[in-house]
Amino acid sequence: MFEYAPAPESRSIVDIAPTYGLFIDGEFGDAKDTFKTINPADEQVLAEVALAGPEDVDRAVAAARRAFPSWSALPGSERAKYLFRIARIIQERSRELAVLESLDNGKPIKETRDVDLPLVAAHFFYYAGWADKLKYAGFGSDPRPLGVAGQVIPWNFPLLMLAWKIAPALATGNTVVLKPAETTPLSALFFADVCRQADLPPGVVNIVTGAGDTGRYLVEHPDVNKVAFTGSTEVGRQIARSVAGTGKRLTLELGGKAANIVFDDAPIDQAVEGIVDGIFFNQGHVCCAGSRLLVQESIAEELLTSLKRRMTTLRVGDPLDKNTDIGAINSAAQLARITDLSAIGAEEGAERWSPPCDLPERGFWFAPTIFTGVTQAHRIAREEIFGPVLSVLTFRTPAEAIEKANNTPYGLSAGIWSEKGSLILAVADQLRAGVVWANTFNKFDPTSPFGGYKESGYGREGGRHGLEAYLA
Ligand code: NAD
């Protein structure tokens, strides 16, 4: 294979402070405890970050409550100005943010630069456009904001999940307390600085950092009116229980185990690109990843030969190298989970294959992996691995493909590859998944709603539908 010379982006583009406080009422302030955030690619400490306790969360919610009357009373066109300003600052500072996100998360700079950051800015632009048109969004003639939104997000798309949560909340006149994940707090703290640069009134956005307990204080806080959570189904269940009967509104975006279905008339090379994008994009840390490949039996051999050939060209390594396709696994804990489930896949009899690949010595790494000979009973076909691991199953008829695709407790996304439009529409109609991609995969757009069926959660984010979760 033709070898590329290293093309690393400079780390010095972004200034990372040695310590970060909590962002409450427009100011950064200390907390009693702290925790460290590391670069998963080399395990070096990036910064020490405040760990918010119950009193800190209380102060943040109180600040958001104080800010609510004047923020919600602003004309929509005024709120839009702030959101447009935030979007433009994000564009201006996107190189810094892309480097920061790659350092804290481990994802390749190619993705932060070309996918995460453009989508983050697009979300703010999109919801800025809605702020003065809420009356025409189809939710009544005088839709009202709910109040204080408590938002908890995961580590796989830290800044993008922040944008999905904060942009619609602010556009609709709510104020926010957001908690980023404990392994990736830095881009949310950078965003706090963006809010100050945009002159956003103090208290409209508050960022509290910490682990699961901090999230729990936030979602259980009695003065929060709306809870928005993205993360694992297990934590989502706990939150649903704690919110039940309180009158708080709740949206949950949880896990997935998506089927990527390839029919025998699909263009193989394009399907292979879609399969690779579906499971190896962002190291497979994607809730809607195409982690189950369902391929029609008659083309299985040909497709797997092409897929393996394509996988040997994937570059795994330094997230800051512009040629890297697969970066570091986000944490030691996530690496352990991927390693364990993959070992179970082999023990249960599936055949494991990875291309030859040199993994760096330090940091958390996992080679792109496929399992063939997988049956529906295997744990790797049922459980979310949330890593660069693909389970391959076969089918003979469309009916069998649909049955296998729907045989999961999840229902977030699915993909269909075929040349026949009528087949695509007929199959899509029968898939129990929130998003169905046809002849593509992992395509996101702020105008299009996203969310799940069954244990993948409820409520929609994005598009006009995304406004509904923040309006009474
Ligand atoms: P997680 O549920 O462990 O953590 C998510 C967030 O919740 C973190 O900020 C964490 O600190 C916080 N948290 C943990 N325990 C909590 C509690 N008891 N109360 C309140 N907050 C708590 O999930 P994770 O490991 O960070 O993320 C991976 C999971 O997220 C995967 O299962 C993935 O499918 C899912 N995910 C879903 C979507 C989606 O849109 N549906 C998007 C991204 C990730």
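We count ligands from 1, going down the list as the structure has it; atoms in each ligand are counted the same way.
- Here F125 pairs with nothing under the ring-ring contact (aromatic ring centres under 6.0 Å, His included) rule; sequence neighbours left out.
- The stretch residues 166-184 participates, sequence neighbours left out, in these side chain to side chain donor-acceptor pair (under 3.5 Å) pairs: T172-N174, T183-N330.
- Counting non-hydrogen atoms of neighbouring residues, nucleotides and ligands closer than 6.0 angstrom, the CG atom of D445 exceeds 12 such neighbours.
- Within a 6.0 Å radius of CZ in R95, no more than 12 heavy atoms belonging to other residues, nucleotides or ligands are found.
- Using a 4.0 Å heavy-atom criterion, the residues that approach ligand 1 are V152, I153, P154, W155, N156, K179, P180, A181, E182, A211, G212, G215, R216, F229, T230, G231, S232, V235, Q238, I239, E253, L254, G255, C287, E384, F386, L412, F450.
- Nearest heavy atoms, K107 versus F157: NZ-CD2, 3.2 Å.
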Exercise answer: donor-acceptor pairs, residues 462-472 side-chain atoms, under 3.5 Å, sequence neighbours excluded:
| residue | atom | partner | partner atom | Å |
| --- | --- | --- | --- | --- |
| R464 | NH1 | A137 | O | 2.7 |
| Y470 | OH | Q151 | NE2 | 3.0 |

